[in-house]
Amino acid sequence: MARPLRVGLAILLALASSTGVNAAKCYQYLSQQDYPTCLQLDSNLVLHYRTVMDDGVETLELAPDGDGYMSWVSIGISDVGMNGVDMNVIIRATEGYNWIAACDAEDVPVFRDVERTIIWAYNYRSIWDTDKFYLSHYTRGVMTGVRLSPSGLLSSNVTTASGGAVSGFNTSSYVHHIVGYVCAAGVVPPTLNTPYMCGPGQTVLPVGCETVNYVWTPGANGFTAPPQAGFAMGAGSATFLVLQVHYLNVFAVGQVDSSGLKLTYTSTLRNNSMGVLTLGNTDLRIPAAADFYTALPNICPASCTSKRVVAPVTLVSNFYMMNGLGVSALTRHIRNGSAIQPVGRINYWDYGYNLYQTVFPNSRTLLANDTLISLCSYNSTSRTRAMTFYGLRPTDELCFNYLTFYPVSAMPDLDYCVADTRKNITTCATRTQLARMTAVGANDTVQLQNGTKMAVGTLTIAAYKSNECQLHDAVDVTAKRKPNTKAAVSSIIVVPLVLLSIGFFLWTKYSKQEEMEALLAKAREQGLDAALAEIPE
């Protein structure tokens, strides 16, 4: 069973004399041999990290390095963005915050290959006890999609065959999200390179071009396929793509936009073709003025997977989509009547910082008779009078998880499993099959008979929770309170926790600059452990 990592924090604040461009640099005082990975967070702060074994438990050790003039530095980890971040603060003066969190539901689980967001903040010539009440006054930043084992994009200097990466770009602030639909092999859209309106009640997608391969929202990271799989394109597969852009342009009629998707592909055909399974809820009824409301669950039942999953399916990544009221999202995984580790979850949704989140380690295989349950939760206190429904308008809400998987051959007749929970039925088909049902006016009765829709039935599944408090799949674990900034912003990252506040020791144990620099030189040459051994008790 894959376990999340313990997290240790080692703060190294260098007494740099430069305040120019990149006053802090990777491996200026620490060696790459000791810390294989380093991120340049901004010109004044870098973050080295490594994993080490501690009493048989793998620990993530963070070692930030600042420019030396900072009064305090804070490093944190979150699900996706600024909301719900677990932060650690180290203070230059004679005090420091040293939190050890209990096993609580708000801890952010950190896995070797699951994307997380790094948050940082710092300030100069100030006092933390004052700064913590004025969170907008200091320098801060966000880096999404960070892995312990980062993977780069494939080379784009090739010409055909298997899509390996996708990223989006927007040239205006009006883009809400972008969807890339691919046309089946041999299908040629009737109109090429001519934009047209394709919203509700308008022209539908070209027949045979209903399959979703790519989804992106502004602020999201890109998606890189695993080396053994890719989105098929070229001869014998998709040769045309429909780019659908959704705009929030209530006050921007007539504006020009050139947003789109950047696809990276390889001429080496990969062993497995990838697909995207859409899970979600199109029957949202969010009451007004609710500080925390969970919509009815979307259930993709065992009765569906038993018919559509013909071989084990590898689940790759989650891409959740909600609008401004969203606060958390969760996809549960049920096998043999019991909940296992969730496919994915975001405790604190942040509309401005979406990302592709790798499926959690123990839930990466979908078998026949498995059940997937997706839930979205909302805060509607900003809307005091009217209920909010599902829809594509800016004032509507969404609840989707675009779940990337391979191989398509193991689940060829399922890419859209979205329940109508109040009717106790769900779709269990491909988007193309459902488009055909819509075209002929087939109602629920007809689709229940031909199998494109199925009855859900009754489910009562106890929540999953590991013995080490690693992950949960119960909705009520999501915090309903605001962060307690008076208690220094945070609760800390993962428990159990090892915290090495090296910067605190350096600043308080050494008052002379030459002694400090000698200690930093030792850290650079012999590693951090050797430098720590020199600190007097």
Side-chain angles (χ1 to χ4, degrees), residues 9-50 60-78 80-82 85-93 96-97 115-128 130-132 134-148 150 152-153 167 169 218-222 350 352-353 355 489-490 493 501-504 506-507 513 516-517 519-521 523-524 528 531:
L9 182 68
I11 303 283
L12 180 63
L13 298 178
L15 281 174
S17 58
S18 171
T19 58
V21 177
N22 284 7
K25 298 179 181 179
C26 285
Y27 307 116
Q28 188 173 12
Y29 296 106
L30 298 174
S31 72
Q32 189 169 4
Q33 181 178 357
D34 290 335
Y35 289 89
T37 308
C38 179
L39 301 173
Q40 184 84 42
L41 300 182
D42 65 18
S43 61
N44 298 312
L45 187 64
V46 298
L47 178 64
H48 308 82
Y49 59 89
R50 66 180 177 182
L60 169 63
E61 185 175 286
L62 306 176
D65 180 5
D67 68 1
Y69 297 95
M70 299 168 182
S71 299
W72 56 266
V73 177
S74 181
I75 298 291
I77 298 177
S78 74
V80 289
M82 294 295 290
V85 59
D86 287 335
M87 298 195 77
N88 305 267
V89 178
I90 188 68
I91 300 172
R92 177 177 179 175
Y97 287 94
E115 293 80 2
R116 285 292 179 246
T117 295
I118 300 294
I119 313 291
W120 68 92
Y122 56 84
N123 208 354
Y124 297 91
R125 300 180 181 88
S126 65
I127 300 174
W128 165 250
T130 301
D131 283 354
K132 67 186 180 184
Y134 303 97
L135 302 182
S136 63
H137 289 188
Y138 50 70
T139 302
R140 60 194 187 279
V142 180
M143 183 177 290
T144 62
V146 176
R147 280 185 172 190
L148 297 184
L153 295 179
S167 59
F169 59 90
N221 63 329
D350 194 327
Y353 296 97
L355 55 73
V489 179
S490 118
I493 303 164
S501 297
I502 295 173
F504 169 69
L506 293 179
W507 287 116
Q513 181 170 341
M516 176 69 145
E517 290 178 343
L519 191 62
L520 293 175
R524 182 179 64 250
L528 209 53

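Numbers for residues simply follow the sequence, beginning at 1. Being a predicted model, the structure only gives us computed values, none of them experimental.
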Starting at [atom1] of [X], measure out to [atom2] of [Y] and round the result to the nearest 0.5 Å.
X    : Y    : atom1 : atom2 : answer
L41  : R140 : CG    : CZ    : 15.0 Å
Y124 : N44  : OH    : CG    : 3.5 Å
D65  : C38  : CG    : SG    : 8.0 Å
L47  : D42  : CG    : CG    : 11.5 Å

Query raised in the report: Which residues pass the side-chain hydrogen bond (donor to acceptor under 3.5 Å, both in side chains) test with N221, sequence neighbours left out?
Result: none
Heavy-atom donor-acceptor pair, [X] side chain to [Y] backbone, under 3.5 Å:
X    : Y    : value
Y35  : Y27  : no
E115 : V80  : no
T117 : T144 : no

Query raised in the report: Any side-chain heavy atom of I118 within less than 4.5 Å of one from I77?
Result: yes
Requested in this report: Check whether any side-chain heavy atom of R50 lies under 4.5 Å from a side-chain heavy atom of P36, and answer yes or no.
Outcome: yes
Minimum heavy-atom separation for [X] to [Y], with atom names?
X    : Y    : value
M143 : Q40  : CE-O, 3.9 Å
P64  : I75  : CG-CG1, 3.4 Å
L355 : G145 : CD2-N, 3.9 Å
Y49  : V146 : OH-CG1, 3.9 Å
H48  : L30  : ND1-CD1, 3.6 Å

**Report entry** Residue list, ring pair (Phe, Tyr, Trp, His ring centres under 6.0 Å) with F169, at least two apart or on another chain
**Finding:** none
**Report entry** Partner set under ring pair (Phe, Tyr, Trp, His ring centres under 6.0 Å) for Y353, not counting sequence neighbours
**Finding:** none
